[in-house]
Amino acid sequence: QKEVEQNSGPLSVPEGAIASLNCTYSDRVSQSFFWYRQYSGKSPELIMSIYSNGDKEDGRFTAQLNKASQYVSLLIRDSQPSDSATYLCAVKRGYQKVTFGTGTKLQVIP
Amino acid sequence: GAVVSQHPSWVICKSGTSVKIECRSLDFQATTMFWYRQFPKQSLMLMATSNEGSKATYEQGVEKDKFLINHASLTLSTLTVTSAHPEDSSFYICSVQGPTSSGNTIYFGEGSWLTVV
């Protein structure tokens, strides 16, 4: 079992729809969770971080964390073509190194 | 603004030569930096953890004598690809672990494209 699992996609959604990206992790004592966006040929950029169960909203983005089920998700409302990228889920425990998923490619169709 | 600065953004070198990539933490002192490599359309691969004032910790399968890492100060880590070969052509990205106040968030540099000809 991979430490952090993501569906590689591509996930295709029409413009204006909600994109739902999911991530599961294996280390039950993970404490910090991050979502990064990576455009082709560019380095990852941080979108959101979440540390406690529940939802965290930032603009069109909502991160959801469920530690009991060991999953974290990212919702993108009103998806735009500019949201087309690969989304990386990252998980961290304390001062351990962060573990990245392989990413989900999102395509927003105009 | 940028938290991590990486230089150069792209470099072309001849096979057999060495090339150095710099990674600077701009906003805070970083005792730990990370170096990743990413081939086209593939996922990030952690190469090594750079520790200020001590030897880097390399991931399994990464040649420490080929990929030299120096972390001489709290704001600068360098990766030197020695005796580069075409198969070393890749996107190299450094990252910095932020302070506790940031939740130890990982911030990435802009990345460096290396092409070995």
Side-chain angles (χ1 to χ4, degrees), chain A residues 2-10 21 23 25 27 29-53 56 58 61 63 65 67 72 74 84-107, chain B residues 1-10 21 23-24 27 30-51 56-60 62 79 89-115:
Chain A
K2 291 181 180 178
E3 293 181 64
V4 180
E5 292 206 52
Q6 294 181 257
N7 188 315
S8 61
L21 304 161
C23 170
Y25 59 94
D27 186 349
V29 296
S30 297
Q31 299 166 310
S32 306
F33 307 86
F34 309 92
W35 282 100
Y36 291 84
R37 175 175 61 197
Q38 185 177 24
Y39 291 112
S40 180
K42 302 292 185 180
S43 68
E45 55 180 327
L46 180 69
I47 297 176
M48 292 188 69
S49 57
I50 186 167
Y51 308 100
S52 54
N53 281 326
K56 180 181 179 182
D58 183 0
F61 300 97
L65 175 60
K67 290 186 178 181
V72 56
L74 179 70
S84 298
T86 296
Y87 289 80
L88 302 171
C89 170
V91 174
K92 196 173 188 300
R93 178 180 70 170
Y95 291 100
Q96 301 291 327
K97 63 187 179 185
V98 67
T99 302
F100 286 89
T102 54
T104 297
K105 185 174 183 179
L106 173 66
Q107 294 177 339
Chain B
V3 177
V4 182
S5 175
Q6 193 171 336
H7 178 81
S9 300
W10 57 271
I21 301 170
C23 179
R24 294 183 183 274
D27 282 6
T31 56
T32 305
M33 294 186 181
F34 303 91
W35 286 96
Y36 293 84
R37 179 168 57 182
Q38 187 175 37
F39 293 107
K41 298 189 178 182
Q42 295 190 21
S43 57
L44 286 172
M45 187 194 82
L46 179 65
M47 298 176 67
T49 302
S50 173
N51 305 299
T57 304
Y58 289 83
E59 296 299 302
Q60 190 173 7
V62 178
L79 167 68
S89 299
S90 186
F91 189 42
Y92 292 87
I93 314 171
C94 74
S95 68
V96 169
Q97 179 169 289
T100 305
S101 58
S102 75
N104 297 125
T105 298
I106 300 297
Y107 299 96
F108 287 91
E110 305 96 327
S112 300
W113 281 101
L114 170 63
T115 301

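Just so we're clear, the structure is a prediction, and the values are computed from it rather than from any experiment.
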For chain A, which of B:Y107, B:F91, B:F108 has the most heavy-atom pairs under 4.5 Å?
-> B:F108
Let me know if A:S32 has heavy atoms under 4.5 Å from chain B in its side chain, its backbone, both or neither.
-> side chain
Taking side chain to side chain contact (heavy atoms under 4.5 Å, CB included) as the test, write out the residues that go with A:N53, two or more places apart.
-> A:L65, A:K67
Cut-off 4.5 Å, heavy atoms of chain A, and the answer for B:I106 is both
Got a donor-acceptor contact below 3.5 angstrom from the B:E59 side chain to the B:M45 backbone?
-> no
So, A:S43 side chain and B:G109 main chain: donor-acceptor pair closer than 3.5 Å or not?
-> yes
Tell me, which pairs form a side-chain hydrogen bond (donor to acceptor under 3.5 Å, both in side chains) where one or both residues lie in residues 36-49 of chain B, sequence neighbours left out?
-> A:Q38-B:Q38
